[in-house]
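Here's the structure we're looking at; comments come further down.
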Amino acid sequence: MNKWGVFALGALAGVTAVAIVKTPAFKKACASVIGKGMQLKDDAAAYAESIKEDAQDIVAEAKYNNSKEEA
């Protein structure tokens, strides 16, 4: 295949991609994927926060137990 054939094929692929991106179904699908990604991020942040709180509780309990033993 020569340079012009490759160019024509690339141009056709570009036009096809633009046509697909402009469809309402594609936009709806992208919005859905992004929404699920944002939900996943929020869930992960909440899970990490609960782990952090549990670790802080363990540290506080250990400090309390150490202070009781020293007294």
Suppose we screen for side chain to side chain donor-acceptor pair (under 3.5 Å). Which residues come up paired with Glu49, at least two apart in sequence or across chains? none
Sequence neighbours left out, cut at 3.5 Å: what donor-acceptor pairs do the side chains of residues 13-42 make with other protein atoms?
from	atom 1	to	atom 2	distance (Å)
Thr16	OG1	Leu12	O	2.8
Thr23	OG1	Ile20	O	2.7
Thr23	OG1	Phe26	N	3.4
Gln39	NE2	Asp43	OD1	2.9

Tell me, yes or no, whether the heavy-atom count around Glu53 atom CD, taken from other residues, nucleotides or ligands under 6.0 Å, exceeds 12. yes
Residues at least two apart in sequence or cross-chain that pass side chain to side chain donor-acceptor pair (under 3.5 Å) with Asn2, listed by chain then number, are none
